[in-house]
Amino acid sequence: MLLSSSFYARSAREVAPELLGCFLIRKINGRIIKTKIVETEAYCGPNDLASHASRGRTERNKVMFGPAGIIYVYFTYGMHYMFNIVTGPTNYPDAVLIRAVEPLNKILKTNGPARLTKVLAIDKKFNGLAIYNKKNNLWIEKAETKIKPARIIKAARIGIDYAGKYKNKKWRFYVKDNKYVSAK
DNA sequence: ACGATGATGAAC
DNA sequence: TTCATCATCGTA
């Protein structure tokens with residue numbers, strides 16, 4: 001079942017762990033690539049120093065300030081696309097970064113946020129599009145069985161040592177022992 | 001373990 | 001104009 005826009009209209013810290021076990025599905029030339037989300041990170045509002053939104057609205061991050069359920073894709077290090085989903089109320093910049101997925105119907109190397117965007121062909125064209133319908137050939141379906149709370153690990157986020165008091169917040173969520181979770 | 005990659009935004 | 005970044009790969 002497709003997750004509706006209201007699913008995303010909550011804080012990133014609520015949405016991020018609930019996305020674990022859900023299916024991220026991409027359709028390319030009529031072919032379906034089905035994956036399971038196994039690692040996410042929450043970027044929470046205008047005060048989170050790890051978030052792009054902490055320095056206000058810019059050309060790059062403006063979709064974070066829009067409605068929930070919209071895709072935020074940005075290009076970084078001159079090489080990689082990162083795939084996020086906007087959460088929370090309109091005008092409040094909250095988002096969940098999808099860091100890793102497990103491929104279900106193909107053999108693919110998808111661990112890590114830049115690897116998964118490459119394999120699923122997610123690029124700037126998706127920035128600003130909706131994740132809550134199938135029109136864009138990229139959507140998320142509800143988990144068949146919820147991941148048990150004991151198997152959801154909470155940890156500090158990756159690659160944000162600059163974030164001061166926010167760097168130790170346990171806003172990264174991943175499935176215990178899953179081999180597709182990114183390293184570190 | 002380190003350098004290359006080279007868009008975007010902030011500091012200078 | 002220069003510097004750092006929500007990363008990864010090739011080379012050592």
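Every heavy atom of this structure was used, including side-chain atoms; hydrogens, water molecules and symmetry mates were not.
Residue pairs meeting the side-chain hydrogen bond (donor to acceptor under 3.5 Å, both in side chains) criterion with at least one member in residues 15-29 of chain A, sequence neighbours excluded: A:Arg10-A:Glu18. Listed by first and then second residue, the ring-ring contact (aromatic ring centres under 6.0 Å, His included) pairs that reach into residues 77-136 of chain A are A:Phe75-A:Tyr81, sequence neighbours excluded.
Taking a pair as Watson-Crick or G-U wobble with both distances under 3.5 Å, DNA chain B forms stems of 3 or more consecutive pairs at B:1-5 with C:7-11, B:7-11 with C:1-5.
Protein atom CG of A:Asp161 is 10 Å distant from nucleotide atom P of C:dA7, rounded to whole Å. Remark: C1' of B:dA4 and NE2 of A:His80 are 11 Å apart, rounded to the nearest angstrom. If you measure from atom OH of A:Tyr77 to atom P of B:dG3, you get 15 Å, rounded to the nearest angstrom.
In this structure, A:His52 and A:Tyr72 have perpendicular ring planes: the angle between them is above 60°, well past the 30° mark.
Other members of the cluster containing A:Ile107 do not exist, because no ILVMFWY side chain is joined to it at under 4.5 Å. Residue A:Met1 belongs to no hydrophobic cluster, having no ILVMFWY side-chain heavy atom closer than 4.5 Å to its own. With side-chain heavy atoms closer than 4.5 Å counting as contact, directly or through intermediates, the hydrophobic cluster containing A:Ile25 also holds A:Leu2, A:Phe23, A:Ile32, A:Leu104, A:Trp139.
Within residues 39-51 of chain A, the residues having any heavy atom under 4.0 Å from DNA chain C are, by residue number, A:Tyr43, A:Ala50, A:Ser51. Within residues 52-75 of chain A, the residues having any heavy atom closer than 4.0 Å to DNA chain B are, in order of number, A:Arg55, A:Thr58, A:Glu59, A:Arg60, A:Phe75. Residues of residues 85-96 of chain A having a heavy atom closer than 4.0 Å to DNA chain C: none are found. In the region residues 111-130 of chain A, proximity to DNA chain C at under 4.0 angstrom, judged on heavy atoms, holds for A:Gly112, A:Pro113, A:Ala114, A:Arg115.
Relative to the ring axis of A:Tyr43, A:Arg157 places its NZ or CZ within 45° and under 6.0 Å from the centre.
Contact annotation for A:Leu97: base contact, defined as any heavy-atom pair under 4.0 Å involving a base atom.
A pairwise comparison of heavy atoms in A:Ala12 and A:Ala95 identifies CB-O, 3.5 Å as the closest pair.
In A:Lys165, the NZ atom is not crowded: 12 or fewer heavy atoms of neighbouring residues, nucleotides or ligands sit closer than 6.0 Å.
Not counting sequence neighbours, A:Tyr174 has no partner by the side chain to side chain donor-acceptor pair (under 3.5 Å) test. By the side-chain contact (heavy atoms from CB on, under 4.5 Å) test, A:Lys146 pairs with no residue at all, sequence neighbours left out.
In summary, of the residues considered (A:Pro46, A:Ser51, A:Ser54), a side chain to side chain contact (heavy atoms under 4.5 Å, CB included) with A:Pro93 occurs for A:Pro46 alone.
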